A.B. asks: 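Just dropping this structure here.
Proteins get letters first, then strands, A, B, ... in listed order; numbering begins at 1 in each. Keep in mind that this is a model prediction, so the values were computed, not measured.
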2 protein chains.
Amino acid sequence: MLAAAAVDLFYRQGATATTIREITQACGLTAGALYNHFASKEELLYTVVRDSHLNLDAAVVRELDSAGDPPAKLAAIVRVYVEQHARHRKSSRVANSEYGQLTGERRAEIVEIRRRLRDRVTDVLRAGERSGHFQLPGRDEATIVARAILDMCVHISAWFHEGQPLTTADLQDRYVTLALRMAGST
Amino acid sequence: MLAAAAVDLFYRQGATATTIREITQACGLTAGALYNHFASKEELLYTVVRDSHLNLDAAVVRELDSAGDPPAKLAAIVRVYVEQHARHRKSSRVANSEYGQLTGERRAEIVEIRRRLRDRVTDVLRAGERSGHFQLPGRDEATIVARAILDMCVHISAWFHEGQPLTTADLQDRYVTLALRMAGST
DNA sequence: GAACTGGATAAACAAGCGTTCATACAGTAG
DNA sequence: CTACTGTATGAACGCTTGTTTATCCAGTTC
């Protein structure tokens, strides 16, 4: 409940610009009540950001396992990313734009998850390059193309919202096509 | 000088998390001195954000005029975007991630510039679709493909920094290729 | 040299921040 | 009934925030 209110406010105003009193008031509580559930404002942000990243990572792993060749794997990843950033756009956007406010170990943990997520895409692109399924636009380009694909997928959360005429499923189809084209899928 | 220090701090910490005293201290001044140059913290942010947007817009218009067919125009836009977001990554990133903190008329002005920038890309994609240079992945997809291309270009500023082995010029070439592939350039 | 200007200062301001704490109260267990 | 746990409260804490103000000083202009 508190976490949900926090996501909503962080999404609209940014985490730094959002007040403990705003968050608790949105749940009909007073400021002090928050500290029965979270040790600090940063821990609350950390919880929200980590949950979003872990959900995404788990979904990617799940879909990756049940996909076959590199094009199928890339399509699966893109499908998951679009789904996550379209359907849970508030928490996803908070996760992506506010994780930098974390400090120390918490920040390091999130950065590590993000590196892992990026590597999964890079690995698929490299495998596809070797197998001849993909033709990337340069030498050792997998990391760059991975970043480009992820940037375009992640930032859906900044502008998309479900409704006429474009559904999440539509968006998934379009973005899979775009990603495969970027990879030079044959 | 003050604006440059502000860009640097906004880039590293976010605008809300950055203090007037931090900005002025970075220039060897005290807090009050800022108000000889800017009416408020928001006006300082506004100046920084607007300058970045206007520079980008001017560069896009200039290059667009001297490019021929739709593929050349799309390539020109991507070149400008990559250049701007790679070489001036701090101010670009601040412009893109902090403009939402502006309020009222100032915010409306920036939102309008951003819409115009997006429309320039959409128009090129539509023209290329009509002329047969492009084949977009669906019906009336120009707006979506435009967003995807811009998202991937803009967010270079979050991870790129000039150096070995990848130069800005390299990145421009790669991203032009990616964008043309996304548009289904023949 | 008098008048004016632009820009700097230290000090203060009210408001708001995240956080703590003593207290209270409802529900559950023994 | 008693003890305990979980959670809420309101008031306070010390600190920081953006901003204002009276004052000062170095140049420039006449």
A.B. asks: Write out all pairs satisfying side chain to side chain donor-acceptor pair (under 3.5 Å) with one or both partners inside residues 68-80 of chain A, taking only residues at least two apart or from two chains.
C.D. replies: A/Arg79-A/Asp173
A.B. asks: All N/O contacts under 3.5 Å from nucleotides 13-17 of chain D to the protein, with atom names and distances to one decimal?
C.D. replies:
unit_1 : atom_1 : unit_2  : atom_2 : d
D/dT17 : OP1    : B/Thr19 : OG1    : 2.5
D/dT17 : O5'    : B/Thr19 : OG1    : 3.2

A.B. asks: Return the set of residues passing salt bridge (Lys or Arg N to Asp or Glu O under 4.0 Å) with A/Arg62 (not counting sequence neighbours), or none when no residue passes.
C.D. replies: none
A.B. asks: Check the surroundings of atom CD in B/Gln25: do more than 12 heavy atoms from other residues, nucleotides or ligands lie under 6.0 Å from it?
C.D. replies: no
A.B. asks: For the residue pair A/Gly14 and A/Glu98, what are the closest heavy atoms and their distance?
C.D. replies: CA-OE2, 3.2 Å
A.B. asks: Round to a whole Å and report the spacing from CG of B/Leu44 to C1' of D/dT19.
C.D. replies: 14 Å
A.B. asks: Polar atoms only, N or O, under 3.5 Å: list the protein pairs with nucleotides 24-26 of chain C and their distances.
C.D. replies:
none

A.B. asks: Considering all heavy atoms of both residues, which atom of A/Lys41 and which atom of A/Ala15 are nearest to each other, and what is their separation?
C.D. replies: NZ-O, 3.0 Å
A.B. asks: Whole angstroms only, please: what is the CG-C1' distance between B/Leu45 and D/dG18?
C.D. replies: 14 Å
A.B. asks: Can you tell me if B/Gln84 and B/Ser92 form a side-chain donor-acceptor pair at under 3.5 Å?
C.D. replies: no
A.B. asks: Taking 4.0 angstrom as the limit, do A/Arg12 and A/Asp8 come out as a salt bridge?
C.D. replies: yes
A.B. asks: Nearest whole angstrom, please: distance from the C1' of D/dT19 to the CD of B/Glu43.
C.D. replies: 14 Å
A.B. asks: Listed in order of residue number, which residues of residues 27-38 of chain A have a non-hydrogen atom at under 4.0 Å from DNA chain D?
C.D. replies: A/Gly28, A/Leu29, A/Thr30, A/Gly32, A/Ala33, A/Asn36, A/His37
A.B. asks: Parallel, tilted or perpendicular: which one describes the rings of B/His155 and A/His155, with boundaries at 30° and 60°?
C.D. replies: parallel
A.B. asks: What closest approach, in Å, do B/Ala183 and B/Leu74 show between heavy atoms, and which atom pair accounts for it?
C.D. replies: CB-CD2, 4.0 Å
A.B. asks: Hey, are B/Thr122 and B/Asp119 close enough side-chain-wise for a donor-acceptor pair under 3.5 Å?
C.D. replies: no
A.B. asks: Can you confirm whether A/Glu22 is buried at CD, in the sense that more than 12 heavy atoms of other residues, nucleotides or ligands lie under 6.0 Å from that atom?
C.D. replies: yes
A.B. asks: Starting at CD1 of A/Ile23 and ending at P of C/dC17, how long is that distance when rounded to a whole Å?
C.D. replies: 11 Å
A.B. asks: Determine the minimum heavy-atom distance between B/Leu34 and B/Leu2, stating which atoms define it.
C.D. replies: CA-CD1, 4.2 Å
A.B. asks: Below 3.5 Å is the cut-off: list the nitrogen or oxygen pairs between protein and nucleotides 22-29 of chain D, distance only.
C.D. replies:
none

A.B. asks: With the threshold set at 4.0 Å, does a side-chain nitrogen-carboxylate oxygen contact exist between B/Glu112 and B/Arg115?
C.D. replies: yes
